[in-house]
Peer 1: 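Pasting a structure below so you can have a look.
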Amino acid sequence: MKQKYKRSDKRTFLGIKANGPVFIISLLIIAALVVTTLWIGDPMEQYFSQIQTAVANNTGWFFILVINVLLLFAVYIGLSKFGKIRLGGKDAQPEFSTKGWYSMLFSAGMGIGLLFWSVAEPVLHFNSNPLIDNADQVEAAKSAMGITFLHYGLHVWGLYAIVGLALAFFTFNRKLPLTIRSVFHPLLGDKIYGPIGDAIDIISVIATIFGLATTLGLGVQQVNAGLDHLFGIAISTNTQIILIILITAVATLSLVLGLDKGVRRLSEWNMRLAVGLLIFMIIVGPTVFVFKSFVQNVGHYISEFFELSFWTETYSGVNDTKHWQSSWSVFYWAWWIAWSPFVGLFIARISKGRTIKEFVFGVLLVPTILSFFWMSVFGGSAIYQELMGSHLVTEAVNENVATAIYKLLEQYPIANASSFLAILLVISFFITSSDSGSMVVDTLTSGGRHDAPVGQKVFWASMEGIVAAILIVGGGLTALQTASILTGLPFAMLLIVLCFSFHKSLNAYYNEHFTKLK
């Protein structure tokens, strides 16, 4: 029997286009965490560190399991009979060009993370990680790039593919509101419009806000480091808060212009700037080494894929109170999971008209390959400096990871110009993350509306900036990592149930539209 669906995205609350319980409860929880951080003050940094260690050490295995299950599920869906289903129905056409689509999903999905860690992470792993003997520089280099690829590879985009695909399917094919609760309709029925559905969207909003705050916090630290490197503007919390205010204001302008004129154009400019910086680095850097390392890095990633993917540090960390993974792999999986409601909903919003097969493998493969090449160019060039006996990048990373990319560029010609381009790119990614994130949070808190007033989007853009600023004040990078892990955990649990619900609805839809009645 064909399952009936209904829309319920026309809610209002005190005169605004919002779902009252989700809007208010999400805001109260976020405000409580912000006020607590400010009230406790300096000791909060130590508390954040203790919380991060405890949660990561005890639940890290679960994050690792979830991220692998989601990738396997994404590949299965893409290769299965469901691949022929078109998002929006058989006559739907893509709203955006393929170039624009890839630009927007890549800018939303990675952006600041690639810029912040592309130099620092390979160098840190090269100098120290539990998998290698640091005396063997060849093995150290291979291991460093392999771990970095793991954190920015197929697992991340498999996560985004499942969340985005599920949201797009239920919105465009099942005609349900563009919110996380809609994906659970096959299991909950119309209960998604009650308290259970509200709870699902509240978890999604909080995860999104803190996932965004983590990214924005990292981005503003890198902008500040670049300004200090070029213009001597001191690295300080006050400077970073001022930068958050200014960049959030520009993001607000992009929101006012709308998805097509604002976010799409900025995303395409992001790609132009990124390609420009990438080509510059290929030309002035160790060109042959970069291309050779890219090929070998991909081979190493493939050969070590399953061992690295399921590695939980079980035997090497029996007597350790703080495992290496709690600051690296577990943090990344939690960060990407917390980030996934935003990226997933945003990708869903721009993907109408594409088949499931096109969607899955487009999201999985193209951004992964681009990320790997970016990491090989910038991280590989940094490791090349290490192999040649220069340790300037390592010294910079040990002092402040946000300065790593500028110290690398300093080793090559026209360093000031390239560093300025890097700053512009970080700011541009910051803006696209903020404005598209605000659109997503407003969609979640307004019951799936596409027509919520600009003022509501501006409100959530401001809230993201405030949370990022408070976390920087309350504990810097440790606070940002802790926020991601804490908010990613409950959403990780939801993701497992999401897979069952999504598969159930796909089966029903396929039988309705592709199986001939006998």
Side-chain angles (χ1 to χ4, degrees), residues 107-124 148 151-152 211-248 250-251 266 270 273-274 276-278 280-281 331-332 335 339 371 374-375 377-379 381-382 392-411 415-434 437 464-465 467-469 471-473 475-481 483-484:
S107 294
M110 285 296 174
I112 291 172
L114 273 179
L115 282 162
F116 192 90
W117 290 113
S118 61
V119 176
E121 181 168 351
V123 169
L124 285 166
T148 304
H151 295 155
Y152 284 85
L212 279 164
T214 300
T215 297
L216 301 183
L218 293 176
V220 80
Q221 288 179 15
Q222 195 165 35
V223 173
N224 192 180
L227 294 175
D228 176 63
H229 182 74
L230 285 182
F231 307 112
I233 298 175
I235 297 176
S236 70
T237 300
N238 289 337
T239 301
Q240 290 167 15
I241 290 173
I242 292 170
L243 287 170
I244 286 175
I245 293 169
L246 292 175
I247 298 174
T248 301
V250 178
L266 270 173
N270 280 351
L273 288 171
L277 187 61
L278 189 70
F280 168 81
M281 195 66 212
F331 159 64
Y332 268 119
W335 183 15
W339 189 241
S371 297
W374 181 279
M375 289 292 184
V377 172
F378 287 91
S381 296
L392 293 175
V393 177
T394 291
E395 292 170 4
V397 168
N398 291 337
E399 183 178 346
N400 183 354
V401 292
T403 66
I405 192 168
Y406 306 113
K407 184 58 68 173
L408 174 66
L409 294 172
E410 194 178 82
Q411 312 307 310
N416 285 346
S418 59
S419 293
F420 185 70
L421 180 59
I423 294 171
L424 289 179
L425 189 56
V426 177
I427 292 172
S428 183
F429 276 130
F430 191 132
I431 293 168
T432 52
S433 296
S434 180
E464 291 160 15
V467 172
L471 288 175
I472 288 173
V473 171
L477 182 59
T478 301
L480 297 170
Q481 290 178 323
S484 287

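Sequence positions, counted from 1, serve as the residue numbers for this chain.
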Peer 1: Pick out which of Val426, Leu421, Leu278 makes a side-chain contact (heavy atoms from CB on, under 4.5 Å) with Leu273.
Peer 2: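 Only one option passes, and that is Leu421.
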
Peer 1: Indicate the atoms forming the closest heavy-atom contact of Val119 with Ile405, along with that distance.
Peer 2: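 In terms of heavy atoms, the two residues are closest at CG2-CA, 3.9 Å.
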
Peer 1: So does Ser236 get a backbone contact from the side chain of Asn224, meaning a donor-acceptor N/O pair under 3.5 Å?
Peer 2: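 Here the side-chain-to-backbone pair exists.
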
Peer 1: Taking the side chain as every heavy atom from C-beta outward, state whether Ile242 and Leu246 have any atom pair closer than 4.5 Å.
Peer 2: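 Yes. Closest side-chain heavy atoms under 4.5 Å.
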
Peer 1: Distance from Leu409 atom CG to Ser381 atom OG, nearest 0.5 Å?
Peer 2: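 Rounded to the nearest 0.5 Å, the CG-OG separation comes to 9.5 Å.
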
Peer 1: Could you walk me through whether Thr248 and Glu464 satisfy the side chain to side chain contact (heavy atoms under 4.5 Å, CB included) test, starting with their C-alpha distance in whole Å, then the side-chain angles of each, then the deciding distance to 0.1 Å, before giving a yes or no?
Peer 2: CA-CA 9 Å; Thr248 301; Glu464 291 160 15; over 6 Å; no

Peer 1: Closest heavy-atom contact between Ala382 and Val393?
Peer 2: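 Distance-wise, the nearest heavy atoms are CB-CG1, 4.2 Å.
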
Peer 1: Can you tell me how far CG of Leu216 sits from CD1 of Ile247, rounded to the nearest 0.5 angstrom?
Peer 2: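 Between atom CD1 of Ile247 and atom CG of Leu216 there are 9.0 Å.
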
Peer 1: Provide the closest heavy-atom pair for Lys407 versus Leu392 in the form atom of the first, atom of the second, distance.
Peer 2: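 What the structure gives for the nearest pair is CG-O, 3.6 Å.
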
Peer 1: Between Val401 and Gln221, is there a side-chain heavy-atom distance shorter than 4.5 Å?
Peer 2: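 In short, these two side chains do not touch, never coming nearer than 4.5 Å.
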
Peer 1: Evaluate the side-chain proximity of Val123 to Leu408: yes if any heavy-atom separation is below 4.5 Å, no if none is.
Peer 2: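 No, side chains not in contact.
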
Peer 1: On a heavy-atom basis, which atom in Tyr406 and which in Ala225 lie closest, and how many Å separate them?
Peer 2: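 That closest heavy-atom pairing would be CE1-C, 3.9 Å.
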
Peer 1: Any heavy-atom pair between the side chains of Glu121 and Tyr152 that's under 4.5 Å?
Peer 2: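 Contact flag for Tyr152/Glu121 side chains = yes.
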
Peer 1: CG of Leu227 to CG of Leu243: how many Å apart, nearest 0.5 Å?
Peer 2: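 Taking CG in Leu227 and CG in Leu243, the distance rounds to 6.0 Å.
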
Peer 1: Looking at every non-hydrogen atom in both residues, tell me the closest pair between Met375 and Ser118 and how far apart they are.
Peer 2: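 That closest heavy-atom pairing would be SD-CA, 3.4 Å.
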
Peer 1: Which value, rounded to the nearest 0.5 Å, describes the distance between Trp374 atom CH2 and Leu115 atom CG?
Peer 2: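 Nearest 0.5 Å value for the CH2-CG distance: 5.0 Å.
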
Peer 1: Roughly how far, to the nearest 0.5 Å, is CD1 of Ile235 from CG of Asn400?
Peer 2: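 Interatomic distance, Asn400 CG to Ile235 CD1, rounded to 0.5 Å: 4.5 Å.
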
Peer 1: Rounded to the nearest 0.5 Å, how far apart are OG1 of Thr148 and CH2 of Trp117?
Peer 2: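 Reported to 0.5 Å precision, the distance equals 10.5 Å.
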
Peer 1: What are the two closest non-hydrogen atoms of His229 and Ser419, and how far apart are they?
Peer 2: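 Distance-wise, the nearest heavy atoms are CD2-OG, 4.0 Å.
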
